[in-house]
Structure formats: C-alpha cells, structure tokens
Amino acid sequence: MEKLTGLKKIKTAVFISGTGSNLKNLIKFSIIKKSPISVDLIISDNHQAKGLNFATQFKIKKRIFGYKSVKITEKIILKLLEKKKIKLICLAGFMKILSKDFIKKFNGKIINIHPSLLPKYKGLNTHARAIDNKDKFAGCTVHYVTAKLDSGKIILQKKIKITARDTPISLAKKVLKQEHKLYPAAIMTVYN
Ligand code: GAR
C-alpha cells in the first residue's frame with residue numbers, strides 16, 4: 001500500500017546553527033494533518049548544534065557543512081535541495097548569511113524567524129538592544145529572506161511587553177515561546 005504521510009505537503013528544509021527549539025516545533029507542526037509542510041531535510045553549519053539531535057529523533061535527513069568556501073558549500077546545498085525537491089527553506093536560528101546568488105537560484109521560498117519587531121534591531125543582540133533603549137515592547141517576526149539582511153517582506157509579527165525586571169535572557173525566553181506559535185502561523189499564512 002502507498003505511504004500517505006507527507007503526500008502533497010510542501011517539502012521543506014530547516015536550516016539551524018544551535019539549539020533547534022524552533023526546528024523541533026516546526027517538525028511537530030509538520031506532522032499534524034492541517035500543516036501544509038513536511039520537514040524533509042535539516043541543514044546546519046555547526047557539527048555541535050544541539051538541534052541536530054532532532055534529526056535523529058524524528059528520522060529526518062541531516063547534512064552539516066563546514067562552510068570553508070561559501071560558494072562551493074552553497075552550490076552543494078542547492079544541488080541537494082533540488083534533488084530532494086525542496087520548495088521551502090525555513091531559517092531557524094541559522095547564523096550564516098545566505099548569498100544573493102543562493103537566494104536568486106533557489107527554486108522556492110525562503111523565510112526566517114527573527115527575535116525582534118523588525119525593522120527594529122536587525123542582526124544580533126536584539127534583546128539587549130531593546131532593553132538598553134528602554135523599549136516598552138519586544139517581539140519576533142517571520143519574514144521573507146531577501147539579499148538585504150532581515151529586510152524582506154514581513155509575514156507575521158508578535159509583540160510582547162518588556163517589564164522592568166526583564167534581562168536579555170528572560171526576554172529571550174519569553175520571545176522564544178512566542179516564536180514557537182508565530183512560525184507555524186506564518187507558514188499557514190504563506191500557504192493559504
Ligand atoms: C531564535 O530566537 C531565533 O529567532 C534566533 O535564534 C534563536 C534560535 O533558537 N534567530 C536569529 O537571531 C537569526 N538572526 P532555536 O535554535 O532554539 O530555534
């Protein structure tokens with residue numbers, strides 16, 4: 001009998017560099033019936049990434065690249081994505097910047113989750129910067145990836161309050177919790 005799992009779902013690759021809590025969350029989301037995606041590939045630039053354990057746990061193919069040459073690495077990744085018929089890339093704490101050429105050549109969509117209320121705080125240390133600036137709100141954003149860092153069209157955003165007691169660590173925890181709701185919701189928006 002034909003295997004039905006994943007049938008007609010959009011084949012997705014998740015790119016990670018670290019803990020992979022968003023990856024785990026996306027895998028769990030992909031398994032539910034109403035999810036438009038299946039997670040078929042996990043790519044990392046970091047052999048030590050804790051999130052790679054989810055590849056083993058959920059029996060998903062993983063590939064790790066040293067990125068000695070960005071050009072060669074991206075060429076190999078593009079070939080792999082093509083071979084696996086990947087049509088969506090979800091960046092989930094992936095700390096390498098994809099080249100303009102890669103973004104142009106990939107035959108599909110690329111989306112990213114960023115821990116700030118873009119266009120505020122592109123790049124790193126978003127929570128410390130929000131606290132230092134005495135912002136009242138922080139949050140997270142899912143957006144399309146373009147050649148300009150953290151600047152592509154916004155798909156969804158979630159705002160949360162910064163309290164007087166918040167530190168960059170406590171804020172990161174609170175925002176991450178919201179990220180886990182926002183990423184699946186953004187994917188539903190993209191494919192609706
Ligand atoms: C998340 O907070 C994500 O928004 C952020 O890294 C964390 C990864 O956590 N991404 C960026 O800063 C991208 N510039 P995770 O590995 O537990 O998903």
Side-chain angles (χ1 to χ4, degrees), residues 12-31 35 37 39 41-58 60 62-65 67 70 77 88-100 102-103 109-133 135 137-162 166-187 189-190:
T12 301
V14 183
F15 287 34
I16 62 161
S17 297
T19 314
S21 72
N22 276 292
L23 164 66
K24 184 183 181 196
N25 184 60
L26 286 178
I27 295 171
K28 290 201 153 169
F29 165 67
S30 74
I31 291 165
S35 164
I37 65 158
V39 177
L41 181 63
I42 294 161
I43 285 183
S44 183
D45 62 323
N46 176 12
H47 282 272
Q48 317 285 340
K50 258 174 78 183
L52 288 169
N53 292 325
F54 299 122
T56 319
Q57 187 183 332
F58 293 96
I60 299 169
K62 67 170 182 235
R63 288 289 302 271
I64 303 110
F65 295 94
Y67 267 87
V70 175
I77 296 177
L88 174 69
I89 293 174
C90 291
L91 304 181
F94 185 64
M95 292 313 188
K96 283 269 183 299
I97 295 171
L98 302 174
S99 76
K100 206 170 161 177
F102 180 94
I103 296 166
K109 294 183 166 82
I110 309 178
I111 62 178
N112 179 43
I113 188 147
H114 184 77
S116 80
L117 294 171
L118 289 173
K120 267 195 157 182
Y121 311 126
K122 296 170 185 174
L124 301 175
N125 304 319
T126 55
H127 305 306
R129 283 150 74 201
I131 291 173
D132 285 352
N133 284 340
D135 286 1
F137 297 97
C140 44
T141 306
V142 177
H143 64 93
Y144 287 105
V145 172
T146 58
K148 215 169 158 208
L149 184 71
D150 297 332
S151 299
K153 187 171 172 247
I154 290 171
I155 302 163
L156 278 185
Q157 228 167 20
K158 174 75 185 176
K159 199 166 158 181
I160 64 158
K161 261 203 164 132
I162 302 178
D166 269 323
T167 63
I169 291 172
S170 72
L171 192 54
K173 264 192 198 156
K174 284 199 282 189
V175 170
L176 196 59
K177 218 170 156 188
Q178 295 307 319
E179 290 185 32
H180 296 161
K181 290 183 193 161
L182 194 72
Y183 219 158
I187 291 170
T189 306
V190 169

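All values reported here derive from a predicted model rather than from experimental measurement. Start at 1 and go down the list; that is how both ligands and their atoms are numbered.
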* **Trace of the salt bridge (charged side-chain N to carboxylate O under 4.0 Å, His left out) decision for Asp166 with Lys161** => CA-CA 10 Å; Asp166 269 323; Lys161 261 203 164 132; over 6 Å; no

* Could you go step by step and tell me if Val39 and Phe29 meet the side chain to side chain contact (heavy atoms under 4.5 Å, CB included) rule? -> CA-CA 9 Å; Val39 177; Phe29 165 67; over 6 Å; no

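Taking 4.0 Å as the cut-off, Lys50 does not count as a neighbour of ligand 1 on heavy-atom distance.
With hydrogens left out, the protein atom closest to atom 2 (O) of ligand 1 is Glu179 OE2, 2.8 Å, a heavy atom. In this structure, atom 15 (P) of ligand 1 lies nearest to the protein heavy atom Ser21 N, 3.4 Å. The closest protein non-hydrogen atom to atom 14 (N) of ligand 1 is His114 ND1, 3.6 Å.
For residues 118-132, the set of pairs meeting the salt bridge (Lys or Arg N to Asp or Glu O under 4.0 Å) definition, not counting sequence neighbours, comprises Lys120-Asp135.
Distances from atom 16 (O) of ligand 1 to the heavy atoms of Gly93, Gly20, Ala172 put Gly20 nearest. For atom 13 (C) of ligand 1, the nearest non-hydrogen atom from the set Asp150, Leu91, Ile113 belongs to Ile113.
Annotation for ligand 1: atoms under 4.0 Å from non-hydrogen atoms of Thr19 are 16 (O), 17 (O).
Residue Leu176 touches ligand 1 through its side chain alone, judged by heavy-atom distances below 4.0 Å.
Neither side chain, Thr126 nor His114, offers a donor N or O lying under 3.5 Å from an acceptor on the other.
The aromatic rings of Tyr67 and Phe65 lie perpendicular to each other, with more than 60° between the two planes, well past the 30° mark.
A side-chain hydrogen bond (donor to acceptor under 3.5 Å, both in side chains) with Tyr121 is found for one member of Asp150, Asn133, Thr141 and no other, namely Asn133.
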